[in-house]
Amino acid sequence: MGALLAGLERRLNRPDAPGNRLRGIATLGILLAATAAAAGAADVLLPGAVVVLIAASLPAQRSLHDHVRAVADALQSGGLAAGRAAVSMIVGRNPAHLDEAGVARAAIESLAENFSDGVAAPAFWLAAAGLPGAACYKAANTADSMIGHRTPRYESFGWAAARLDDVINLPASRLSAALIVLAAFATGASSRGAVRAVLRDAGRHRSPNAGWPEAAMAGALGLKLAGPRVYGDTLVDDAFMGDGSRDATAADILRALRLYKAACTVQALLLLALALA
């Protein structure tokens with residue numbers, strides 16, 4: 001998906017030429033059509049066990065856990081400098097502006113948001129539309145991560161990718177918040193705090209989707225996440241999620257990971273029940 005998109009972008013993206021938004025729409029359409037065709041062919045032609053393996057590769061469940069766990073380990077063993085280096089691998093904000101609490105919050109926020117985008121959403125679209133649906137979701141999500149940026153190069157060309165990503169993540173972002181609430185109930189975290197934070201704060205986030213899992217995670221852990229952050233040299237004045245402490249630590253990252261694993265388990269059980277039904 002990434003290779004195809006990169007090749008199309010090199011050939012079609014003309015930031016200063018008229019019609020660049022239309023070329024971006026065409027690029028996205030080609031990517032989705034090629035992905036749907038390949039996934040549909042695999043679904044029909046390959047043995048069922050192989051299709052299951054392909055589908056199982058789409059959610060980024062293990063890699064997300066490992067990247068976030070690396071931030072906690074770095075903070076505990078190497079302090080602030082190591083924590084900044086580790087968190088820079090998973091967030092876009094400027095790590096030089098983060099203290100140890102900021103590094104921990106950034107890791108937890110990334111865990112919450114990517115639980116929605118990288119785990120809950122592929123599973124949702126797999127359940128709703130089979131392998132082609134899940135594969136097309138991953139293609140659209142890949143397009144957003146590669147070209148859906150508000151930069152001079154991608155402002156017009158990546159417009160369609162960014163808008164589509166917002167739309168297709170609407171159901172999974174709400175689902176991920178519900179999964180975190182259920183996981184909080186199962187693990188002894190504050191499910192009531194998670195519900196309260198979601199109802200009060202999720203809609204105030206600058207993203208139509210990220211606020212839902214971030215607010216649920218913040219409320220469940222008794223933390224205050226999001227708020228003003230620096231990307232590059234630009235301050236983004238976002239709303240706070242949750243009303244707890246801002247003094248997050250490596251131990252809070254580990255608590256968030258336990259909640260994340262519980263939420264993944266709840267999702268797996270729901271999918272199993274759906275499959276049996």
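What you see is a predicted model; the values in this text were computed from it and never measured. When reading the values below, keep in mind they use all heavy atoms of this one structure, side chains included, and skip hydrogens, waters and symmetry mates.
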Hey, are [Y] and [X] close enough side-chain-wise for a donor-acceptor pair under 3.5 Å?
X	Y	result
Asn94	Arg229	no
Asn141	Asp117	no
Asn114	Ser110	yes
Asn169	Tyr137	yes

Please report the interatomic distance [atom1]([X]) to [atom2]([Y]), rounded to the nearest 0.5 Å.
X	Y	atom1	atom2	value
Leu4	Thr142	CG	OG1	11.0 Å
Ile253	Leu75	CD1	CG	5.0 Å
Leu223	Glu214	CG	CD	12.0 Å
Asp144	Met146	CG	CE	11.5 Å
Phe124	Ser116	CZ	OG	11.0 Å
Arg255	Arg258	CZ	CZ	7.5 Å

Donor-acceptor pair, [X] side chain versus [Y] backbone, under 3.5 Å?
X	Y	answer
Gln61	Val119	no
Arg93	Val230	no
Asp238	Ala226	no
Trp125	Ile168	yes
Lys138	Leu58	yes
Asp237	Pro228	no
Arg23	Leu12	yes
His205	Ser207	yes
Arg105	Arg246	yes
Arg11	Gly7	yes

Checklist entry - Passes side-chain contact (heavy atoms from CB on, under 4.5 Å), Leu64 versus Tyr260? Steps please. => result CA-CA 10 Å; Leu64 175 58; Tyr260 163 74; 3.8 Å; yes
Would you mind reporting whether [Y] and [X] have side-chain heavy atoms less than 4.5 Å apart?
X	Y	answer
Ile180	Trp212	no
Ile30	Leu5	no
Leu32	Leu164	yes
Pro95	Ser88	yes

Would you name the heavy atoms of [X] and [Y] that are closest together and state the gap between them?
X	Y	value
Val71	Gly83	CG1-O, 4.3 Å
Ala123	Leu271	CB-CD1, 3.9 Å
Ala263	Phe115	CB-CZ, 3.7 Å
Ile147	Tyr154	O-CB, 3.1 Å
Asn209	Asp166	ND2-O, 2.9 Å
Asp43	Pro132	OD2-CD, 3.8 Å

Report whether [X] and [Y] are members of the same hydrophobic cluster (ILVMFWY, side-chain heavy atoms less than 4.5 Å apart, transitive linking).
X	Y	result
Leu80	Val87	yes
Phe240	Leu221	no
Leu225	Leu179	yes
Leu28	Phe157	no
Met217	Val198	no

Next on the checklist: Closer than 4.0 angstrom, basic N to acidic O: yes or no for Arg69 and Asp66?
Outcome noted: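 Not counted as a salt bridge, because no side-chain N and carboxylate O are separated by less than 4.0 Å.
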Item to check | Glu9 and Arg153 ion-paired at < 4.0 Å | outcome: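 Salt bridge present between Glu9 and Arg153.
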Next on the checklist: Can you confirm whether Arg204 is buried at CZ, in the sense that more than 12 heavy atoms of other residues, nucleotides or ligands lie under 6.0 Å from that atom?
Outcome noted: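 Atom CZ in Arg204 is crowded, with more than 12 foreign heavy atoms closer than 6.0 Å.
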Item to check | Heavy atoms from other residues, nucleotides or ligands near NE2 of His65 exceed 12 (cutoff 6.0 Å) | outcome: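 Counting other residues, nucleotides and ligands, NE2 of His65 exceeds 12 neighbours.
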